[in-house]
Amino acid sequence: MEENLANRSRAELDTALRDSSRVLQAMLATQLRSFDDHFQHLLNDSERTLQATFPGAFGELYTQNARAFRDLYSELRLYYRGANLHLEETLAEFWARLLERLFKQLHPQLLLPDDYLDCLGKQAEALRPFGEAPRELRLRATRAFVAARSFVQGLGVASDVVRKVAQVPLGPECSRAVMKLVYCAHCLGVPGARPCPDYCRNVLKGCLANQADLDAEWRNLLDSMVLITDKFWGTSGVESVIGSVHTWLAEAINALQDNRDTLTAKVIQGCGNPKVNPQGPGPEEKRRRGKLAPRERPPSGTLEKLVSEAKAQLRDVQDFWISLPGTLCSEKMALSTASDDRCWNGMARGRYLPEVMGDGLANQINNPEVEVDITKPDMTIRQQIMQLKIMTNRLRSAYNGNDVDFQDASDDGSGSGSGDGCLDDLCGRRVGRKSSSSRTPLTHALPGLSEQEGQKTSAASCPQPPTFLLPLLLFLALTVARPRWR
């Protein structure tokens, strides 16, 4: 009977835990989708604006190099999604390729072999053919993109941690303690007695001791995510930069056209006179392209609303792990009132006298309801604590404007943009639980038992009713008594 009730108790608590975890996961997933959609929309909008305006403004200077611009936007998307790209190098390569192509287009009457273009590339930094646009884009884009992707990545890591922790199985000691909490009052013929609130909290603090150890790093992660939203605003903020990439590209081409003659003279001075192309068009065929006046993208207000909602929701779940025992007791259990002297205290009707334990594994050393081996933390949860630390460090680096390497940081093996903090064969590994015989000896025996008898009987076992009542009580417990988990 006890085995059946223990299995039922464990299944009911598992269901209650997963329900609570699913609510949190759903909130984080909704936030991730909302921010991701908005950031992707900003970048897509910028590319659509470029494709609509650049052909008319720059003609062949754009159309013959359209692929280079498409590739740039593709690499920006990959970077945002967490790919192992260095944004500054990506931008530098784009400007180098674009300069070679545009310089050849602006001088079709000249023969420009590869070695001459190499010389041009070496002088580009000093010549600054595109004006200040490349430098401005590099400085602003690095800060904006790393802030956006680290925030979204943080939401993904948080959701993964909740999912993986929800899969951690409950131990046999927990199952027996929950059975005693929920069903033993029926076995003793007092089915109307509801569990005492502090009794319930001690049981679940013992059952969820490892989960409570997530609290410190969970708070650090959420605090860092709230903090980095400060980088979403201003001229170097996410919305201004990601949605306006095309404006710096337009400024760069404008600058190149304005400085064309001066640039050509300096290039010839540094690299020598190139040969004339006999098949090239004559000077009379050269014509100056148009210019595009960039316009700043006005803020839509969408991001401000998203950030406001996210901050409120993240603050609401900061104490999720340490409040979980109290939440489950108050929301899922039909508890007695705190002042009720007739509640079920695990032995009989009466006040529950033991003090409520603190949070976390170390504080369960004297838990009177659940035997907890504080020397053997759950390794799956320890791995998730490490993932929270790694993600927090990434967010702090991103807040300082540093380019974050999502794949190589701390050798954690995180995937690119998946939100997963580590490889499946690492984080998915489960450490086998030892049998109950390898646990520490019983330290809190039931009243009335000798020390020897206490070691033979689990602290979570029900007080035994008369033998002749067992068939009737089994029928009542399994068919008549309703589970206390709502």
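- Separating the CG atom in Leu78 from the CG atom in Leu87 is a distance of 11.5 Å, to the nearest 0.5 Å.
- In this structure, the side chains of Pro377 and Asp213 stay at 4.5 Å or more apart for every pair of heavy atoms.
- When all heavy atoms of Ile228 and Ala147 are compared, the closest pair comes out as CD1-CA, 3.9 Å.
- The environment of Lys305 atom NZ is sparse: at most 12 non-hydrogen atoms of other residues, nucleotides or ligands sit within 6.0 angstrom.
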Criterion side chain to side chain donor-acceptor pair (under 3.5 Å) on Ser46 and His246, from CA distance to verdict: CA-CA 6 Å; Ser46 173; His246 61 283; 2.8 Å; yes
Derivation of the salt bridge (Lys or Arg N to Asp or Glu O under 4.0 Å) call for Asp45 and Arg48: CA-CA 5 Å; Asp45 226 22; Arg48 281 193 292 268; 3.1 Å; yes
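- Annotation: Arg101, atom CZ; neighbour count of heavy atoms from other residues, nucleotides and ligands within 6.0 Å does not exceed 12.
- Counting heavy atoms from C-beta on, the side chains of Gln387 and Asp160 never come closer than 4.5 Å.
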Chi angles and distances behind the side-chain contact (heavy atoms from CB on, under 4.5 Å) call for Met27, Leu24: CA-CA 5 Å; Met27 182 275 286; Leu24 179 54; 3.8 Å; yes
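- A salt bridge links Glu47 with Arg77: the distance from a Lys NZ or Arg NE/NH1/NH2 to an Asp or Glu carboxylate oxygen falls below 4.0 Å.
- The salt bridge (charged side-chain N to carboxylate O under 4.0 Å, His left out) search around Arg143 returns none, not counting sequence neighbours.
- A heavy-atom distance below 4.5 Å is not found between the side chains of Val165 and Asn210.
- The distance from atom CZ of Arg201 to atom CG of Leu181, rounded to the nearest 0.5 Å, is 12.0 Å.
- Note on Glu136 versus Arg140: salt bridge recorded, some NZ/NE/NH1/NH2 to OD/OE distance being below 4.0 Å.
- Partners of Arg315 according to the salt bridge (charged side-chain N to carboxylate O under 4.0 Å, His left out) rule, which considers only residues two or more places apart in sequence or in another chain, do not exist here.
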Criterion side chain to side chain donor-acceptor pair (under 3.5 Å) on Asn44 and Tyr73, from CA distance to verdict: CA-CA 8 Å; Asn44 292 341; Tyr73 276 92; over 6 Å; no
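- Here the closest heavy-atom approach between residue Phe320 and residue Ser323 is recorded as O-OG, 3.3 Å.
- In this structure, Ser34 and Leu306 approach most closely via the heavy-atom pair CB-CD2, 3.7 Å.
- Here Asp215 pairs with Arg219 in a salt bridge; the nearest charged N to carboxylate O distance falls below 4.0 Å.
- For Gln105, the CD atom is densely surrounded, since the number of other residues' heavy atoms within 6.0 Å is greater than 12.
- Residues Pro195 and Val182 are not in side-chain contact: their nearest non-hydrogen atoms beyond the backbone lie 4.5 Å or more apart.
- The CG atom of Leu170 lies 5.0 Å from the CG atom of Leu13; values are rounded to the nearest 0.5 Å.
- Taking the six-membered ring where the residue is Trp, Phe232 and Phe39 present perpendicular rings, their angle passing 60° and hence far from 30°.
- Note that CG of Leu208 is 10.5 Å distant from CG of Asp359, once rounded to the nearest 0.5 Å.
- Interatomic distance, Asp258 CG to Ile253 CD1, rounded to the nearest 0.5 Å: 12.0 Å.
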Test salt bridge (Lys or Arg N to Asp or Glu O under 4.0 Å) applied to Arg382 and Asp378, step by step: CA-CA 6 Å; Arg382 298 296 136 176; Asp378 184 273; over 6 Å; no
Residues Arg138, Arg135; criterion side-chain contact (heavy atoms from CB on, under 4.5 Å); working and verdict: CA-CA 5 Å; Arg138 173 176 57 83; Arg135 177 179 174 275; 3.7 Å; yes
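- In this structure, the side chain of Ser240 does not engage the main chain of Gly237 through any donor-acceptor pair within 3.5 Å.
- Listed here is the closest heavy atom pair of Ser224 and Arg396: OG-NE, 3.7 Å.
- In this pair, Phe94 and Phe69 present their aromatic rings perpendicular. The plane angle is above 60°, beyond the 30 to 60° band.
- The two atoms that bring Asn273 and Ile268 nearest to each other are OD1-CG2, 3.0 Å, heavy atoms only.
- Within 6.0 Å of CG in Asp115 there are more than 12 heavy atoms belonging to other residues, nucleotides or ligands.
- Classified by interplanar angle (parallel below 30°, tilted 30° to 60°, perpendicular above 60°), the ring pair Phe58/Phe54 is perpendicular.
- Distance check, rounded to the nearest 0.5 Å: CZ of Arg10 to CG of Asn7 gives 4.5 Å.
- Counting heavy atoms from C-beta outward, Asp319 and Trp218 have side chains that stay 4.5 Å or more apart.
- Minimum interatomic distance between Leu85 and Glu75 (heavy atoms only, all atoms of both residues): CD1-O, 3.6 Å.
- Contact check for Val370 versus Gln364: no side-chain heavy atoms found under the 4.5 Å cut-off.
- Shown here is Gln64, whose CD atom has more than 12 heavy atoms of other residues, nucleotides or ligands within 6.0 Å.
- No hydrogens or angles considered: a donor-acceptor pair under 3.5 Å links the side chains of Gln318 and Asp223.
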